[in-house]
Amino acid sequence: MSKVRVRFAPSPTGALHIGGVRTALYNYLFAKQNGGSFILRIEDTDQTRFVEGAEEYIIESLKWCGIEPDEGVGFGGEYGPYRQSDRKGMYAQYANQLLESGHAYKAFDTKEELQEARLAAEKDKKTFRYDISTRMSMRNSLSLSSEEVKELEANGIPFVLRLKVPENEEIHFQDMVRGDVKFSSNELDDKVLLKVDGMPTYHMANIVDDHFMEISHVIRGEEWLPSTPTHVLLYRFLGWGDSMPVFCHLPLILKPTKGKLSKRDGAKFGIPVFPLDWEEKDGSIAKGFREWGFLPEAVINFLALLGWNPGTEQEIFDLAGLVQAFDPTNINKSGARYDFAKAEWFNQQYIIATDNEALAAKVAPILAAKGHHPSHEKLVSICALLKERMGILPDFWSKGSYFFEEVKAYDNQKVIRKKWKLDRREAFNGLAAQLNDLEKYDAENLEQLVKKFMADNSLGFGDVLPFLRLATSGSTQGPPVFEIMEVLGKQTVNKRLEQAYSAFDEVIKAKLQQL
RNA sequence: GUUCCUGUGGGCUAAUGGUUAUGCCGUCGGACUUUCACUCCGGAAAUGCGAGUUCAAUUCUCGUCAGGAAUACCA
């Protein structure tokens, strides 16, 4: 078997969404597993849709995900250029070859004429198709006499080259996911091969490029399935039928409701659909997984399992593990819905698995943005306390801001109203004093001290701990209190206790007044 | 409309022509923690529908319905 060479071929029309990332990932996995090459080709044959920065975005996204191409735009290689606009000169030759061999023809129809034909068909509740049944009623080198064609050309009337699809032919091809797939040529339209501007269409360019880049497997989204028979025809007519790549059409990624996931869905559902932030033309920012606080390993793991399964019950895979376990025959046929909750779960797993030192580094920028620059040691110990409670990186702040800022509010007023007693204030003042006198201020000693305090005053855990929590963190939830106190330190805890006692008293006084 | 693709709990999925249809996420309950999370235990919940083949169908066939994709001088 010849060398495995696969390509990821996005068009630079905007941000890459996770469906594209998954396609890239599967290409990458298949290439690496077979000792082959993963190639990035930029399909920019439609110059009207070119978007500034999209190409860089794609490259940066792949890098962030850890699936760098071996060849391609930005990565070098022996089969370049890898940008279709840079290969512009190559395509006409092959389109003309098809013209000469009678597999293509010139079509002079204007946009308006085509539009008219479409409108006419619509009246009959049909869709116009430029194909064997209609081409003789259009203006092209098949329906016109050679004199007429010459005259049109002499007058500089622009034309496109269209594929002449043969009649009554059954076209078969093998698909790695779907097995034997067949189409009738009668259902195919005479696709434009070369546009008026001299640029090839996707169909033409991708066949020429795949051929010369010696692509062995075409792994792409299912939306290409219906045009694959046209591609098969092209390979055959160009004389490349024997070296045609194997096709592998991936199931679509579906949006949370119904339908194929699209770029707009991020804003619509309030979830990330792009790997990185993307700035739209109107200046709005579509938030990426990275900025959302996802780890790339988690995104990759999540995406890998969307439409594929390893055949075992293992769910957590690093990239190397995926390369090993990946098996295209286990790719599903049906579309997979994008479930954000599951993505978050994966991320949580990866955050928990990250050691505290590394997590501290990831979380530091979030704190810096809030104006806090804690010492590394402090950050590491807080990471240890918080990591199991984080789904995404910013949770570090939402669940741990009290480590860095004063407590502004106490979230569980109900507990205060029920359990705080004015006549215990003296005892609690005593506790504060004892805590202040504690020499070795660590969780273990704190716990001992507090337990003794409870025993001395005949108080239960429920009478004391919620207030320690509330006072120090503002919340009755979170990591073990004594560990919070240790990290906070004596001074801070004392200050917060004092403040809190008064605040608790106020709550009770307000309650008494109401009665 | 036409062509093609696809239908397993709420989501992602496993499985075999043959016990109680798997696992994960989510959800609910319990244990642990007097909290939350983690962890552990348990519950509810699925083969779209209808025929046919067969001793036996989620699996094979047909029909039907539903969803999706394609139907551009976009990719």
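Small disclaimer: the values here were computed from a predicted structure and weren't measured. Convention: sequence-line order gives letters A, B, ...; per-chain numbering from 1.
Aromatic ring pairs are classed by plane angle as parallel below 30°, tilted from 30° to 60° and perpendicular above 60°; the pair A:Phe504 and A:Trp420 is perpendicular. Between A:Phe340 and A:Trp292, the ring planes lie perpendicular to each other; the angle is over 60°, past the 30° to 60° tilted range.
Ranking B:C12, B:A69, B:C74 by closeness to the A:Glu223 side chain, first place goes to B:A69.
A:Thr127 contributes a side-chain N or O that forms a donor-acceptor pair with the base of B:G1 under 3.5 Å. A donor and an acceptor atom sit less than 3.5 Å apart, one in the side chain of A:Arg389 and one in the base of B:C36.
Pair assignment for B:G7 gives B:C65, based on Watson-Crick or G-U wobble hydrogen-bonding distances that are each under 3.5 Å.
For the residue pair A:Asn356 and A:Lys387, a side-chain donor N or O sits within less than 3.5 Å of a side-chain acceptor on the partner.
Aromatic rings of A:Tyr94 and A:Phe212 (six-membered ring for Trp) have centroids within the 6.0 Å cut-off, being under it.
Here the NE2 atom belonging to A:His211 is positioned 12.0 Å from the CG atom belonging to A:Leu234, to the nearest 0.5 angstrom.
The gap from the P atom of B:U20 to that of B:U2 amounts to 43 Å, rounded to the nearest Å.
A:Lys111 has no side-chain polar atom (N or O) that falls below the 4.0 Å cut-off from OP1 or OP2 of B:A72. An OP1 or OP2 oxygen of B:A14 is reached within less than 4.0 angstrom by a side-chain nitrogen or oxygen of A:Asn332. For B:U71, neither phosphate oxygen OP1 nor OP2 lies less than 4.0 angstrom from any side-chain nitrogen or oxygen of A:Lys126.
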Between the protein and nucleotides 44-49 of chain B, are there any N/O to N/O pairs under 3.5 Å, and if so, what are the atom names and distances?
none

Under 4.0 Å protein heavy-atom contact, by nucleotide of nucleotides 20-31 of chain B - B base, S sugar-phosphate only: --SSBS------
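Looking only at side-chain heavy atoms (C-beta outward), A:Val160 and A:Phe108 stay at 4.5 Å or farther from each other.
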